[in-house]
Amino acid sequence: MIKAQRGTKDILFDESYNWERIEKIASETFRKAGFSKIQTPIFEATELFNRGVGESSDIVNKEMYTFSVGGAKKNENSITLRPENTAGVVRAYIEHNLSRLSPPQKFWYFGPMFRYERPQAGRQRQFHQIGIEAFGVEDPSMDAEIIFLAINLLKSFNLSDFEVELNSLGCKTCKEEYKNSIKEAILPYLDKMCPDCKVRYQKNPLRILDCKQPSCQEILGLEEIKKVVLKDYICPHCKNHFDTLTNYLDELGINYKINKFLVRGLDYYNRTVFEIKSSHLGSQSAILGGGRYDSLVETLGGPKTPAIGFALGVERLYSLIEKVEVQKPDYYIVSNNQKEALKLALKLRESGKSAEFDYGNRKFSKQLEKASKTAKKAIILGEDEINQGFYSVKDLSSSEQIKVDNYNDLI
RNA sequence: GCGGAUAUCGUCAAGUGGUUAAGACCUCGGAUUGUGGUUCCGAUAUGCGUGGGUUCGAGUCCCACUAUCCGCCCCA
């Protein structure tokens with residue numbers, strides 16, 4: 001038997017219905033904020049992610065679904081199933097010259113992403129993200145709006161038990177300085193750190209701050225290291241940006257926690273980064289994450305354009321929300337005349353009712369049994385009804401059966 | 001990539017080396033030829049993740065593989 005691939009799953013019945021609801025609620029929330037939906041391809045040139053997400057990230061290093069196409073001329077065209085969607089949206093932004101339009105340009109998306117990882121609670125190889133990307137605004141009011149929107153989105157799913165973490169990574173220049181001072185501080189302890197951190201030290205030292213290894217945690221906990229990490233390293237410009245943002249958030253009554261150790265795993269982030277966590281998710285506690293990526297558009301060949309966005313894990317969100325059952329159809333038509341049953345069902349649907357009918361030409365007791373399990377009311381369309389031109393309508397919860405002479409009384 | 005647990009029908013499961021692999025739910029049929037939700041009767045795994053091995057005999061023991069779940073890493 002052929003089974004669904006490891007880390008992938010089928011979404012059926014009520015689950016599928018709840019997914020539709022999620023998309024609808026997200027769509028409404030974003031539409032009100034002036035975001036339009038963007039749909040980009042599921043695969044892109046591998047190069048896009050190498051340059052966009054970054055060579056030092058785990059995603060690019062070991063989690064991409066990359067393959068070459070083009071038959072015998074292998075490696076001619078290396079493509080990759082998107083591991084995230086920011087790079088794709090930025091590519092589209094550049095390709096369609098959207099920077100020529102009056103800023104800001106605001107987009108949202110919903111779709112599958114692919115990462116080759118070991119599946120676990122809250123982690124699949126094909127998973128879905130809802131996200132937004134906004135281009136062309138540097139002002140911190142945009143950061144505040146985006147963060148508010150993220151919170152607002154979660155609240156529209158009736159979630160309240162989550163925590164917002166916030167940090168600023170600084171801009172290109174002060175981020176470099178920060179990196180260097182971290183490297184300097186850590187150097188004496190480097191040989192005691194885990195192998196991963198030794199690599200990070202070279203490639204992306206900020207990620208060391210994220211390390212969960214006890215040995216590394218111990219070193220990060222040392223006073224002299226903490227002093228360097230917690231020092232306000234960011235430049236006055238970035239500090240001003242961050243302070244204005246937190247001021248706005250305070251003004252909006254948003255609870256957040258500044259976490260100086262919050263460093264995100266994708267290379268393109270700078271300045272504002274944030275993450276929303278729930279304690280009900282197990283070890284994969286992040287439900288949403290995002291931040292600024294002011295140089296990504298330029299990195300990928302576009303004009304210098306500030307930008308910010310976030311992505312939400314739909315499977316993780318799904319596990320937190322209250323589920324809704326699919327509504328039963330209004331009518332189930334019980335009949336041994338499939339032609340008349342079909343005609344009536346189609347007519348009812350045209351009148352705005354939901355209606356199903358029995359295909360089986362089975363005994364009425366069987367048809368009614370099915371009706372009682374699946375529908376609110378049964379319309380019995382037997383020989384008497386067809387010949388004499390009326391409908392017997394039975395309310396399946398009260399057992400009450402009435403004779404309806406006029407079709408209009410059914411709708 | 002590393003650790004731990006698990007794998008018996010569509011679902012939940014009993015089974016701890018010995019005849020034909022319990023049971024429940026779901027599904028289907030009948031009791032009831034035009035009246036369901038309650039009741040009663042019946043049907044449904046030549047099969048126990050896959051492949052080997054031990055044994056007179058394997059769902060049960062051993063080995064390998066695969067998958068799932070949980071944790072690490074990382075992320076959403």
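Chain identifiers are assigned alphabetically (A, B, ...) following the order of the sequence lines, protein sequences preceding nucleic acid strands; residue numbering begins at 1 within each chain.
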Filtered N/O pairs between nucleotides 38-42 of chain B and protein, under 3.5 Å:
none

Rounding to a whole Å, what distance do you find between [X]:[atom1] and [N]:[atom2]?
X: A:Ile59; N: B:rA76; atom1: CD1; atom2: C1'; answer: 9 Å
X: A:Ile379; N: B:rG36; atom1: CD1; atom2: P; answer: 19 Å
X: A:Leu12; N: B:rU11; atom1: CG; atom2: P; answer: 12 Å
X: A:Leu312; N: B:rA76; atom1: CG; atom2: P; answer: 11 Å
X: A:Asp10; N: B:rA67; atom1: CG; atom2: P; answer: 17 Å
X: A:Gln124; N: B:rU68; atom1: CD; atom2: P; answer: 10 Å
X: A:Ile22; N: B:rA76; atom1: CD1; atom2: P; answer: 18 Å
X: A:Leu262; N: B:rC74; atom1: CG; atom2: P; answer: 13 Å

Quick one: look up who [N] pairs with, Watson-Crick or G-U, both distances under 3.5 Å, and put none if it's unpaired.
N: B:rU33; result: none
N: B:rU54; result: none
N: B:rA76; result: none
N: B:rC65; result: B:rG49
N: B:rG42; result: B:rC28
N: B:rC2; result: B:rG71

Separation between the [atom1] atoms of [N] and [M], rounded to whole Å:
N: B:rC61; M: B:rA76; atom1: P; value: 43 Å
N: B:rU8; M: B:rC2; atom1: C1'; value: 31 Å
N: B:rA5; M: B:rG52; atom1: P; value: 26 Å

Just to be sure I understand the rule, does [X] reach a base, reach only the sugar-phosphate, or reach nothing, if contact means heavy atoms closer than 4.0 Å?
X: A:Leu396; answer: base
X: A:Ser57; answer: nothing
X: A:Ala121; answer: sugar-phosphate
X: A:Gly131; answer: nothing
X: A:Gln367; answer: nothing

When you measure only distances, ignoring hydrogens and angles, does the side chain of A:Gln284 come within 3.5 Å of the base of B:rC74 through a donor and an acceptor?
yes

Do A:Arg118 and B:rC74 share a donor-acceptor pair, side chain to base, under 3.5 Å?
no

Reading RNA chain B from 5' onward, which residue's closest nucleotide shows up sooner: A:Ile287 or A:Gly282?
A:Gly282

Specify the residue among A:Val314 and A:Gln5 whose closest nucleotide of RNA chain B lies further upstream toward the 5′ end.
A:Gln5

Identify the residue among A:Arg115, A:Arg264, A:Arg207 that makes a salt bridge (charged side-chain N to carboxylate O under 4.0 Å, His left out) with A:Asp58.
A:Arg207

Measure the acute angle between the ring planes of A:His128 and A:Phe110, then classify it against the limits of 30° and 60° as parallel, tilted or perpendicular.
perpendicular

So, is [X] near the phosphate of [N], with a side-chain N or O under 4.0 Å from OP1 or OP2?
X: A:Arg6; N: B:rU68; value: yes
X: A:Gln120; N: B:rG71; value: yes
X: A:Arg123; N: B:rU68; value: no

Please list all pairs meeting ring-ring contact (aromatic ring centres under 6.0 Å, His included) that have one or both residues in residues 243-284 of chain A, counting only residues at least two apart or in different chains.
A:Tyr268-A:Tyr293

Counterpart residues, salt bridge (Lys or Arg N to Asp or Glu O under 4.0 Å), relative to A:Lys343 (two or more places apart):
A:Glu340

Between [X] and [Y], is there a side-chain N and carboxylate O pair less than 4.0 Å apart?
X: A:Lys257; Y: A:Glu165; answer: yes
X: A:Arg271; Y: A:Glu138; answer: yes
X: A:Glu356; Y: A:Arg349; answer: no
X: A:Glu28; Y: A:Lys24; answer: no

Non-neighbouring partners of A:Tyr178 that pass ring pair (Phe, Tyr, Trp, His ring centres under 6.0 Å), sequence neighbours left out:
A:Tyr233

A:Phe135: partners by ring pair (Phe, Tyr, Trp, His ring centres under 6.0 Å), with sequence neighbours left out
A:Tyr93

Where along nucleotides 27-35 of chain B does protein come under 4.0 Å, by heavy atom, of base (B) or sugar-phosphate alone (S), with - for untouched nucleotides?
S-SSS--BB

Counting heavy atoms not belonging to A:Asp405, are there more than 12 under 6.0 Å from its CG?
yes

Taking the six-membered ring of A:Tyr407 (Phe, Tyr or Trp), confirm whether the NZ or CZ of A:Lys347 is under 6.0 Å from its centre and within 45° of its axis.
yes

